[in-house]
Amino acid sequence: MKSLPATFFARNTVQVAQDLLGKVIEVNSMKARIVETEAYGRDPASHAFKKTPRSSLMFDTSGHVYVYLIYGMYECLNFTTEKVGEPGAVLIRAVEPLQGMERMKKKRKTDDVDNLCSGPGKLCQALGITRKLNGTKVGIGVNVYDDGYKVAKIMSSSRIGIKDAQDLPWRFFIEGNRFVSRAS
DNA sequence: CCAACGATGGTCT
DNA sequence: GACCATCGTTGGC
């Protein structure tokens with residue numbers, strides 16, 4: 001399994017979001033396959049629509065981990081994209097558990113495998129991802145690998161949980177995968 | 001089954 | 001003080 005190079009992330013955000021599907025992430029020695037992502041550029045639904053203290057990572061880094069708190073109780077995992085100076089990030093919305101499933105079940109307080117990582121807040125709970133990782137480079141606390149897995153078909157839809165920019169089909173997921181947060 | 005809602009705290013105006 | 005890139009529960013059918 002080879003780690004993704006920094007150049008993988010320093011590209012068009014929508015392209016990176018699609019290319020991350022099927023890749024393996026490793027955190028706290030647990031492993032999972034990415035099955036659902038969303039692209040966030042400088043659009044009205046994105047934190048990077050305006051540069052603020054929180055969103056500055058999206059402008060100033062590429063290939064770094066961006067973790068933020070949402071609704072006061074959950075965290076969301078992103079990877080920053082584009083070349084430095086250009087804002088962008090990919091939200092990881094769902095992953096398929098591969099290794100360390102027993103620890104994921106404990107952290108999520110459920111034995112239902114389909115409910116471990118099928119949402120952005122859920123997967124952070126399962127893998128123990130917190131804001132402590134915010135701003136770290138990919139390859140330190142969070143690793144991303146290409147294990148050669150080929151995605152058969154990529155589906156897209158509008159992004160979930162936002163009201164602005166519903167016309168942009170920037171949510172991507174692996175067709176038919178049972179671990180995505182929703183089927184369509 | 002599924003739509004509605006409350007929990008909960010950081011971020012921004 | 002309003003708003004959230006969410007989730008689990010509740011209460012109606």
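The structure displayed is predicted, hence computed values, not measured ones. Below, read A as the first sequence line, B as the second, and so on, with proteins coming before strands; counting in each chain starts at 1.
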Exercise. How does protein reach along nucleotides 8-13 of chain B, written 5' to 3' as B (base within reach of a heavy atom under 4.0 Å), S (only sugar-phosphate), or - (no contact)?
Worked result: BBSSSS
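Between A:Leu91 atom CG and C:dT6 atom C1' there is a gap of 11 Å when expressed in whole angstrom units. In this structure, A:Lys109 places its NZ atom 17 Å from C1' of C:dT9, rounding to the nearest Å. With rounding to whole Å, A:Arg182 atom CZ is found 15 Å from C:dG8 atom C1'. One can place CZ of A:Arg93 at 8 Å from C1' of C:dT6, the figure rounded to the nearest angstrom. As a whole-Å value, the separation of A:Arg159 CZ from C:dT6 C1' is 17 Å. Atom CD of A:Glu38 is separated from atom P of C:dT6 by 7 Å (rounded to the nearest Å). When rounded to the nearest whole Å, the span between CD of A:Gln125 and C1' of C:dC7 equals 8 Å. Rounded to an integer number of Å, the gap from A:Lys122 NZ to C:dT6 P is 11 Å.
Residue ring and nucleobase are stacked for A:Tyr40 and C:dA5, with a centre distance beneath 5.5 angstrom and an angle between planes beneath 30°.
The one candidate from A:Val180, A:Thr37, A:Ile154, A:Val151 that meets the side chain to side chain contact (heavy atoms under 4.5 Å, CB included) condition with A:Ile174 is A:Val151.
Taking the charged nitrogens against the carboxylate oxygens, A:Arg159 and A:Asp43 do have a contact shorter than 4.0 Å, which makes a salt bridge. The pair A:Asp147-A:Arg33 meets the salt-bridge criterion, with a side-chain N (NZ, NE, NH1 or NH2) lying under 4.0 Å from an Asp/Glu carboxylate O. The residues A:Arg11 and A:Asp19 are annotated as salt-bridged, a charged nitrogen and a carboxylate oxygen being separated by less than 4.0 angstrom. A salt bridge links A:Asp60 to A:Lys51: at least one charged side-chain nitrogen sits closer than 4.0 Å to a carboxylate oxygen. Ion pairing between A:Glu36 and A:Arg182 fails under the 4.0 Å rule for side-chain N and carboxylate O.
Remark: B:dT8 base-pairs with no nucleotide; criterion is Watson-Crick or G-U wobble with both hydrogen-bond distances under 3.5 Å.
Contacts of A:Lys51 with the nucleic acid, taken as non-hydrogen atoms under 4.0 Å apart, are absent.
Phosphate proximity of C:dC4 to A:Lys163: present, with a side-chain N or O under 4.0 Å from OP1 or OP2.
Here the straight-line distance linking atom OG of A:Ser3 with atom CD of A:Glu26 works out to 8.5 Å at 0.5 Å rounding.
Residue whose closest nucleotide on DNA chain C sits further toward the 5' end, between A:Ser181 and A:Asp164: A:Asp164.
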